[in-house]
2 protein chains.
Amino acid sequence: MKQKNLRPFGQQREYTTFDTEPMFSKATEYAIRAVIFIAQKSNSETKVSLQEIAAAIDSPEFFTAKILQKLSGKNVLITSSRGRTGGFFMTDAAKKRPVMSVLEVMGEDELFNKCVLGLDKCSELKPCPMHHQYKTVKKNLIALFERKTIAQLAAEVNAGNSFISSES
Amino acid sequence: MKQKNLRPFGQQREYTTFDTEPMFSKATEYAIRAVIFIAQKSNSETKVSLQEIAAAIDSPEFFTAKILQKLSGKNVLITSSRGRTGGFFMTDAAKKRPVMSVLEVMGEDELFNKCVLGLDKCSELKPCPMHHQYKTVKKNLIALFERKTIAQLAAEVNAGNSFISSES
DNA sequence: TATTATTCAGACAAACTTGTCCGTTTATAT
DNA sequence: ATATAAACGGACAAGTTTGTCTGAATAATA
């Protein structure tokens, strides 16, 4: 039962809007939320389906499918199986991986290497004027995503202390 | 002397690339660099032209023009004057404003209010599993951009301690 | 064996960002 | 006055991200 265009695209905005960006791309946001849900609900025997995942994290189903394909790429984060009782699951080892490993698969860990002013040549020797101060904040960000494991986040959600859906 | 397509567009990439995002949009990166340069080189009597700015910060000229229009919108950050000896300049008061004011004009200050996992309803009462830890990092980011003034960054560049161009 | 339920793979479409161009307006300089 | 040199404003083009759809492959079940 595939959903049929339930969410029409919004109105186009003016040219000069330059709208705000979140920290990560939508794809990465969905990826993290999906991985948390899969960690929560699956193990080597119990799988979860694309539809369950998309419903649980309130994400567009087909787009989420693409992301899950990417995440299951090297079978290091999530594992997929096809066919009638197919679905996605995570091993205990995978659940213990840091959130950073999701960012890496999504190719978004480079965020932490880039110059905040967009200079290709920005470095310790030839820094942009924000470089040194920004470095500290960047280290905190990296530490945060390196330290937190997927299992830890899943446990919080399991305990009812936090949430991974936009739904009320 | 308008530059003619010196920088052809790159090759198209595969669909599933999900490329990495920097902290800010290109527009905002150029905006910050432009404002630093204008602070450096201008005052109420001495103006700088679009061409000088784009050359100095190594940014696409016409795109930069759009950004400067936006920045001069309320005449609170940069001021523009038309005609033969026209150009852009900043007052001393404007130079003392924090970098955050540039982000505000570019509409990118919302970055600091958004949930890192993209949840609309994420809040203290109903947090996402990264919420509390991420809050601390966010505060550091906000503090950084609130504390640093445009004049401070311009002074660093003036002193030759840092740079705002990608050119070697 | 046929049906069913799942992921997979690719094409496509919509929206947004980035970048380019051109004609107009404005003010100075000749 | 006229030419010149600058910003302004709108249209347009290229590229990326987000989202949708359809058919194929796969594996279990009836």
Side-chain angles (χ1 to χ4, degrees), chain A residues 1-22 24-31 47-54 59-73 75 78-89 106-108 118, chain B residues 1-22 24-31 47-54 59-73 75 78-89 106-108 118:
Chain A
M1 187 180 58
K2 301 176 180 181
Q3 64 192 36
K4 285 263 180 195
N5 227 350
L6 296 179
R7 226 183 294 191
F9 288 123
Q11 299 306 316
Q12 178 140 15
R13 293 176 296 186
E14 282 184 3
Y15 170 66
T16 41
T17 297
F18 294 121
D19 204 20
T20 169
E21 291 177 294
F24 298 123
S25 65
K26 273 291 164 198
T28 297
E29 289 175 357
Y30 296 147
K47 296 161 217 160
V48 289
S49 72
L50 167 62
Q51 286 193 25
E52 290 176 86
I53 295 166
S59 65
E61 186 175 321
F62 295 116
F63 190 41
T64 305
K66 296 291 182 201
I67 294 161
L68 293 176
Q69 274 177 47
K70 194 175 179 91
L71 288 174
S72 64
N75 273 8
I78 73 176
T79 314
S80 71
S81 73
R82 281 155 75 136
R84 178 147 179 177
T85 56
F88 300 90
F89 69 95
M106 299 304 290
E108 207 139 13
Chain B
M1 187 178 59
K2 301 176 179 183
Q3 65 190 34
K4 284 268 180 190
N5 229 350
L6 295 179
R7 225 184 294 189
F9 287 124
Q11 299 307 316
Q12 178 140 15
R13 293 176 296 187
E14 283 184 2
Y15 169 69
T16 40
T17 298
F18 295 122
D19 203 19
T20 169
E21 293 176 291
F24 299 123
S25 65
K26 273 293 166 199
T28 297
E29 289 176 356
Y30 296 148
K47 295 162 217 162
V48 289
S49 72
L50 167 63
Q51 286 193 24
E52 290 176 85
I53 296 166
S59 66
E61 185 176 321
F62 295 115
F63 190 41
T64 306
K66 297 291 182 200
I67 295 161
L68 294 176
Q69 275 177 47
K70 194 174 178 87
L71 289 173
S72 64
N75 273 9
I78 72 177
T79 314
S80 72
S81 72
R82 283 156 75 136
R84 181 152 177 176
T85 58
F88 300 89
F89 69 94
M106 300 303 290
E108 208 141 11

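Quick note on labels: first sequence line is chain A, next is B, and so on, each numbered from 1. Every heavy atom of this structure was used, including side-chain atoms; hydrogens, water molecules and symmetry mates were not.
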Nearest-Å distance, [atom1] ([X]) to [atom2] ([N])?
| X | N | atom1 | atom2 | result |
| --- | --- | --- | --- | --- |
| A/Glu29 | D/dG19 | CD | C1' | 15 Å |
| B/Lys26 | D/dT17 | NZ | C1' | 17 Å |
| A/Phe63 | C/dA13 | CZ | P | 18 Å |
| A/Lys66 | D/dT20 | NZ | P | 13 Å |
| A/Leu68 | D/dG19 | CG | P | 14 Å |
| B/Ile78 | D/dC8 | CD1 | C1' | 13 Å |
| B/Lys70 | D/dG9 | NZ | C1' | 14 Å |

Q: Indicate the atoms forming the closest heavy-atom contact of B/Glu29 with B/Phe24, along with that distance.
A: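 Reported closest heavy-atom pair: OE2-O, 3.7 Å.
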
Quick check on [N]: is either OP1 or OP2 less than 4.0 Å from any side-chain nitrogen or oxygen of [X]?
| X | N | result |
| --- | --- | --- |
| B/Gln69 | D/dG9 | yes |
| B/Ser80 | D/dC8 | yes |
| B/Tyr30 | C/dT18 | no |

Which nucleotide in the list [options] gets nearest to the side chain of [X]?
| X | options | answer |
| --- | --- | --- |
| A/Phe62 | D/dT20, D/dA6, D/dG10 | D/dT20 |
| A/Ala27 | D/dT18, C/dT18, D/dC8 | D/dT18 |
| A/Thr85 | D/dA7, C/dG19, D/dT29 | D/dT29 |

Q) Considering only heavy atoms and no angle criterion, is a donor-acceptor pair shorter than 3.5 Å present between the side chain of A/Arg82 and the base of D/dA25? A)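 Per atom types, the contact qualifies.
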
Q) Do A/Arg84 side-chain and C/dT6 base share a donor-acceptor contact under 3.5 Å? A)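 Result: no qualifying N/O pair found.
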
Q. Looking for any heavy atom pair under 4.0 Å, which part of the strands does A/Leu50 touch: base, sugar-phosphate only, or nothing?
A.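 Result for A/Leu50 = sugar-phosphate.
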
